[in-house]
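One structure is given here, and the rest of the page talks about it.
For the numbers below, each heavy atom of this structure counts, side chains included, while hydrogens, waters and symmetry mates do not. The shown structure was predicted, so the numbers you read here are calculated from the model rather than taken from an experiment. Residue numbering restarts at 1 for every chain, and letters A, B, ... go by the order of the sequence lines.
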Protein chains: 2
Amino acid sequence: MLSIGELSRATDCKVETIRYYEKIGLMPEPARSAGNQRRYGERHRDRLHFIRHSRQLGFRIEAIRELLALSDQEHRDCAAVDALARRHRDAVDDRIGALCALRDELDRMIKGCAGGDVAHCGVIEVLGDHRLCRNDHPLEAVAGKQ
Amino acid sequence: MLSIGELSRATDCKVETIRYYEKIGLMPEPARSAGNQRRYGERHRDRLHFIRHSRQLGFRIEAIRELLALSDQEHRDCAAVDALARRHRDAVDDRIGALCALRDELDRMIKGCAGGDVAHCGVIEVLGDHRLCRNDHPLEAVAGKQ
DNA sequence: TTAAATAGCTGTAGTCACTACAGATAGACG
DNA sequence: CGTCTATCTGTAGTGACTACAGCTATTTAA
């Protein structure tokens, strides 16, 4: 039986995060010691590994909930899992595209700025006037929403 | 003089967001009508354009605060602006790299999943076992923190 | 055995950049 | 004058944690 600290070290997941996952129902409530401390088994550890790895791959909590439900089924619906993973990959792809466009825009902006103490700062100018930009950059694709 | 709704349409920025920027001190308090409604001038519109465009380019609010302070100076410190923009571009670059690695990982995972009703679902397997992964994927670089 | 050090408990609030609402007032138009 | 839309303030919600306060449990050393 693992204490929450041992589980934390075993999964590289902070203690607070483990309790948070329990609160939102992503991790099941574990057994308790006589003094009311959490005691975890292997199943908990495996599940937390699954969750953490999914998060590292950028899946959202709600997607992970679905993945867990699918993986718990007797006869796994692999097609559904596959679809979820593909959707996520495509979303990541879109984000990469948006960020590349953004980087190019930033690059152009920086190149227009010579550096030094001048009244005509290219960067400031571009920031103040969208028309100096080559393309649109929708905020959503850039911000961390995935 | 523009009402908050007119400014909103002129800058493609929601009314609530304008009030939010005022509350956090990013936009100055405007004049008021007899009935206590906000009335904006050109300077406000220019400043909000600057803020929105900077946000679209992924700058954080605190960075925009700095950019605004720098752009307000009599003798602009263009080098400081340049450095800020470069730091931001480099951060975007790092994120692109992380997301590309992530997408490749997702691709490999999806390829290992044939689809259908099988006990050995490649995706679920990989998610449960980090060792089946090629590389590390630190959560921070992937999550939308910028 | 006991004291100290470490670990764990619950509950709440903070992060970021908004967004959404509720309940009130202002202004524009016919 | 009535109606409709716009605006007002203030608060709470979002996602996925993180941090803290004030307490209790457990472990280790003396």
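A salt bridge does not link D90(B) to R86(B): none of the charged side-chain nitrogens sits closer than 4.0 Å to a carboxylate oxygen. With respect to D104(B) and R89(A), no salt bridge is recorded, no charged nitrogen being found less than 4.0 Å from a carboxylate O. Looking at R65(B) and E62(B), a side-chain N of the basic residue comes within less than 4.0 Å of a carboxylate O on the acidic one, giving a salt bridge. Salt bridge status for E22(A) with R38(A): present, with a side-chain N to carboxylate O gap under 4.0 Å. Looking at R108(B) and E105(B), a side-chain N of the basic residue comes within less than 4.0 Å of a carboxylate O on the acidic one, giving a salt bridge.
Between R32(B) and dA26(C) there is no side-chain polar atom (N or O) within less than 4.0 angstrom of OP1 or OP2. Proximity of Y21(A) to the phosphate of dA16(D): no side-chain N or O atom is located under 4.0 Å from OP1 or OP2. The phosphate of dC18(C) has OP1 or OP2 within less than 4.0 Å of a side-chain N or O from R52(B). At dT14(D), none of the side-chain N or O atoms of R60(A) fall inside 4.0 Å of OP1 or OP2 (strictly under the cut-off).
Residue contacts for R38(B): at a heavy-atom cut-off of 4.0 Å it reaches the sugar-phosphate backbone alone, with no base atom in range.
Each end of the helix from dT1(C)-dA30(D) to dG30(C)-dC1(D) gets its own axis from five base pairs, and the two axes differ in direction by 10°, given to 10 degrees.
Between dT18(D), dC8(D), dT10(C), one nucleotide has an atom nearer to the side chain of T17(A) than all others, and that is dT18(D). The S3(A) side chain lies nearest to dG8(C) when the options are dC17(D), dG8(C), dC8(D). Distances from the side chain of Y20(B) to the nucleotides dT19(C), dC17(D), dG27(C) place dT19(C) closest. For I4(B), taking side-chain heavy atoms from C-beta onward, the closest of the listed nucleotides dT19(C), dA16(D), dC8(D) is dC8(D). Considering only the side chain of E16(A), dT18(D) comes nearest among dT9(D), dT18(D), dT19(C). Of the listed nucleotides (dT12(C), dC8(D), dA17(C)), dT12(C) has the atom at the smallest distance from the side chain of K23(A). Across dC18(C), dT9(D), dC17(D), the shortest atom-to-atom separation from the side chain of R19(B) is found for dT9(D).
Although no hydrogens or angles enter the test, the distance criterion places no donor-acceptor pair under 3.5 Å between the side chain of S54(B) and the main chain of I64(B). At distances below 3.5 Å, not a single donor-acceptor pair connects side-chain atoms of T11(A) with backbone N or O atoms of H49(A).
The 12-atom threshold is exceeded at CZ of R32(A), counting heavy atoms of other residues, nucleotides or ligands nearer than 6.0 Å. Around the CG atom of D12(B), the shell of radius 6.0 Å holds no more than 12 heavy atoms that belong to other residues, nucleotides or ligands.
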Anything under 3.5 Å between a protein N or O and an N or O of nucleotides 28-30 of chain C, put it in a table, one pair a line.
none

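Atom pair F59(A):CZ and dG15(D):P shows a separation of 18 Å (rounding to whole Å applied). Regarding I18(A), its CD1 atom lies at a distance of 14 Å from the P atom of dA7(C), rounded to whole Å. One interatomic measurement links the two molecules: CG of D12(A) to P of dC17(D), which rounds to 13 Å at whole-angstrom precision. When the C1' atom of dT19(C) is taken as reference, atom CD of E22(B) falls 17 Å away, rounded to whole Å.
Judged by closest nucleotide on DNA chain D, N36(B) is the one of Q37(A) and N36(B) placed further toward the 5' end.
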